[in-house]
Amino acid sequence: VDTPIPILKLGQALLVPIYADLSDEAALTLQERLLYRLQETGARGVVIDITVLDVVDSFLGRVFSDLSRMVSLMDGVTVLVGMRPQVAMTLVELGLELRGLLSALDLEQGLDLVARKLSERDALLPPASRPLGEGLLEAGALAFGGLVAGGGRAPGSGHGA
Amino acid sequence: MELEHSELLEVPAARVVAEARALVRRVMERAGFAAMDITRVVTATSELARNMVKYAGGGRVRVALLRDEARTAVRVEFADQGPGIASIADAMRDGFSTGGGLGLGLPGAARLVDGFHIDSRPGEGTRVEIRQWKR
């Protein structure tokens, strides 16, 4: 691929329509560009559309799987959409595990899945407590306080009071 | 069995792994192979071409169509002049890798195709051949 793969923002997701076979180099470049676009745009979902790909080899599979874990470190969710049946069969026969990757049948379901995953995740945290670091701390304090005092405490009321 | 068609590709760098895929795909599409078989052989080609680049710094990929009275097959050969493989039995085991990879290359490629053959001598290089019948 000589023309870079487009990265399109759609709501809270970045949409990546892969339109042709990717060289190893192009795959790694895409991985890096996506992480920077996540940071720039504040998007939290990545949807990679591989409908046109008839081959995903162990290298590309690993790039997707690594990407998904990197995106998750940046508080995002990655969904692979449009995998052809022969690609799914081949990946399994190869013995490749796409760790951390979610997938959906098509683009529409992929976007739904991103929205659902993000709202599930947000539901675990008090809405005002984003970004990630503070949110996790406060959720931890809640659970702790609940255990010690048998519930009924306000969020963030502190430990050991 | 008669050789019907043959194309050769030198694979000097990682960029050319994609070209090896394109070459094999083109030959198989022209010969009317099913999409499933094209995916299998092209994926195996990708693994084997990358192995060559990684371990031998490059090599040659030769694609040929073979035909007898009843059937057509595609054959892809990968030949390099790299360090060779000390133990083919080890190299054919899932999860075995000397290159820091996942170790799926050789055994994975072998599982995808009808025929798989490997020859290697330390110091002389490696030759792998895969074959797939047209259904």
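All values below come from the heavy atoms of this structure, side chains included, with hydrogens, waters and symmetry mates left out. In what follows, every chain begins at residue 1, and chains take the letters A, B, ... in the order their sequences are listed.
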Asker: With sequence neighbours left out, which residue pairs that include part of residues 46-56 of chain A fulfil the salt bridge (Lys or Arg N to Asp or Glu O under 4.0 Å) condition?
Answerer: A:Asp54-B:Arg25
Asker: For the hydrophobic clusters of this structure (ILVMFWY residues joined by side-chain heavy atoms under 4.5 Å, transitively), does one cluster hold both A:Val81 and A:Leu8?
Answerer: yes
Asker: Do other residues, nucleotides or ligands put more than 12 heavy atoms under 6.0 Å from A:Arg99 CZ?
Answerer: no
Asker: Using non-hydrogen atoms and a limit below 4.5 Å, what part of residues 117-135 of chain B faces chain A?
Answerer: none
Asker: Under a single-linkage definition using a 4.5 Å side-chain heavy-atom cutoff for Ile, Leu, Val, Met, Phe, Trp and Tyr, are A:Met70 and A:Met74 assigned to the same hydrophobic cluster?
Answerer: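 Cluster IDs for A:Met70 and A:Met74 match.
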Asker: Give a yes or no answer on whether the side chain of A:Glu93 reaches the backbone of B:Gly108 with a donor-acceptor pair at less than 3.5 Å.
Answerer: no
Asker: Side-chain heavy atoms under 4.5 angstrom apart, residues restricted to Ile, Leu, Val, Met, Phe, Trp, Tyr: same cluster for A:Ile50 and A:Leu105?
Answerer: no
Asker: Does atom CD (B:Glu29) have a neighbourhood of more than 12 heavy atoms from anything else shown, all under 6.0 Å?
Answerer: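 For B:Glu29, atom CD is crowded (more than 12 foreign heavy atoms under 6.0 Å).
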Asker: I'd like to check the side chain to side chain contact (heavy atoms under 4.5 Å, CB included) partners of A:Glu108; sequence neighbours left out, ordered by chain and number.
Answerer: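 Result, side chain to side chain contact (heavy atoms under 4.5 Å, CB included) vs A:Glu108: A:Asp106.
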Asker: In Å, rounded to the nearest 0.5 Å, how long is the span from CG of A:Asp21 to CZ of B:Arg21?
Answerer: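 A:Asp21 CG to B:Arg21 CZ: 4.0 Å, rounded to 0.5 Å.
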Asker: So which residues of residues 32-40 of chain B are in contact with chain A at a heavy-atom cut-off of under 4.5 Å?
Answerer: B:Ala35, B:Met36, B:Ile38, B:Thr39, B:Arg40
Asker: So, do A:Asp57 and B:Arg50 sit near enough that their side-chain heavy atoms are less than 4.5 Å apart?
Answerer: yes
Asker: Do A:Met89 and B:Phe116 share a hydrophobic cluster (ILVMFWY, side-chain heavy atoms under 4.5 Å, transitive)?
Answerer: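 No.
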Asker: Find out if a path of hydrophobic residues (ILVMFWY) with successive side-chain heavy-atom gaps under 4.5 Å connects A:Leu53 to A:Tyr19.
Answerer: yes
